[in-house]
Amino acid sequence: MTTSDLVGSHIETLKPYVPGKPIEELERELGVTDPIKLASNENPLGPSPKAMRAMQKMLKNVHYYPDGAAHEMIEAVSAFHNVRPEEVINGNGSDEILTVAVRTFCEYGRDSAVISEHSFAAYGIRCQSHNLEIRWVSTDEGLGYDLGAMAEAIDETTKILFIANPNNPTGTYLAADDLRHFLRSIPEHVVVVVDEAYHQYVEAEDYDTALSMRDEHERLIVTRTLSKCYGLAGVRAGYAISSPAMIDRMNRVREPFNSNSLAQVALPAALSDREFVERSVAINRQGRTTLEAGLEKLAPLGVDWIRSQTNFLLVQMPVRGRTVYDELLKRGVIVRPMDGYGLPKWLRISLAEEQKMKRCIAELGAVLQELDVEVV
Ligand SMILES: *Cc1c(COP(=O)(O)O)cnc(C)c1O
């Protein structure tokens, strides 16, 4: 008997999540000095200073177990969004809440899930590891969600459906009216997760948070993370808002100490740090302007990109994205190849300060020239 005989084929064929390459790994492998990482949509400003101070104070208490009820976190989220504490669940990052939702509501090996292609990789991985049948739905031509096709993919077996708004890795978004109409049309046996990891960066006038659409669908779960705009990716802090009945069921499944002591003090501090969020959004907007201006100059080489409401741009290369990715690595610029997302010609580039954006453009231009990409 081999180990593969012990696991179902859904585990044997499961491809693990591939994170962005850490800076230290690149330094180790290629001996590159002074690399920049534009691969994981992390905050270029670092962590919220208020959150850092709160965590420093907590350090001397980490020999205690964290509060299993995550009281301070739940209260902070409740006050921040003006919802009842019973409508909030805390997560070890918002990723964990996706796992908890799948494990709570989906029957292992029986139910199906509806997921759009070119969407956040965690959705597919969580559903496959729970042995669900996944209905993959194609995007529209602009790589945005095709809500009509997603609704059509639902049947009696469908228990969960995921929407990232705005979406990673495309940067596209759904207008409030379209999402509202969609939610209204979804049968009540389907849990709809609307993942708002990039909410703070959105500038589109016709966008709105799904928190304003809670009356449209009884089984709506809205997730938020502290990993992006609050600069706390390494701490793992996220939360979700849903009905008390839904939250109650998920709380039965969630691990009691899923939010560590540092996350529990970092989250309330970060949520209160509005000035930091404003700076993060401002530097992001500036980074986008700089990167787009640079990409415009590379357009004659066959470079194109999608308009983004997030802290990254999805950029199309004239050649295989991975080829460009490898060459950029040698030059100390870490971006994210997209072949794993079914987008082999694309790279995802996180937005950051002006100098980093300029360096990225300079190296990208040099790589494309080196690869002898013909000007068209
Ligand atoms: C980055 C990201 C998250 C955040 O996950 P955490 O577990 O909270 O770090 C969630 N959803 C999407 C779509 C993301 O891109």
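Indexing begins at 1, ligand by ligand and atom by atom, following the structure's order.
Donor-acceptor pairing under 3.5 Å is recorded for the side chains of Ser259 and Asn90. Looking only at atom types and distance, the side chain of Thr13 has a donor-acceptor partner in the side chain of Gln128 under 3.5 Å away.
Partner Tyr198 forms a ring pair (Phe, Tyr, Trp, His ring centres under 6.0 Å) with one of Phe312, Phe120, Tyr173, Tyr207 and no other, that one being Phe312.
For residues 228-242, the set of pairs meeting the salt bridge (Lys or Arg N to Asp or Glu O under 4.0 Å) definition, not counting sequence neighbours, is empty.
Around ligand 1, the residues contributing at least one heavy atom under 4.0 Å from the ligand are Gly93, Ser94, Asp95, Phe120, Tyr123, Asn168, Asp195, Ala197, Tyr198, Thr225, Ser227, Lys228, Arg236.
Residues Ile154 and Leu161 come closest through the heavy atom pair CD1-CD1, 3.8 Å.
Using a 30° and 60° split on the angle between ring planes, Tyr108 and His10 fall in the perpendicular class, above 60°.
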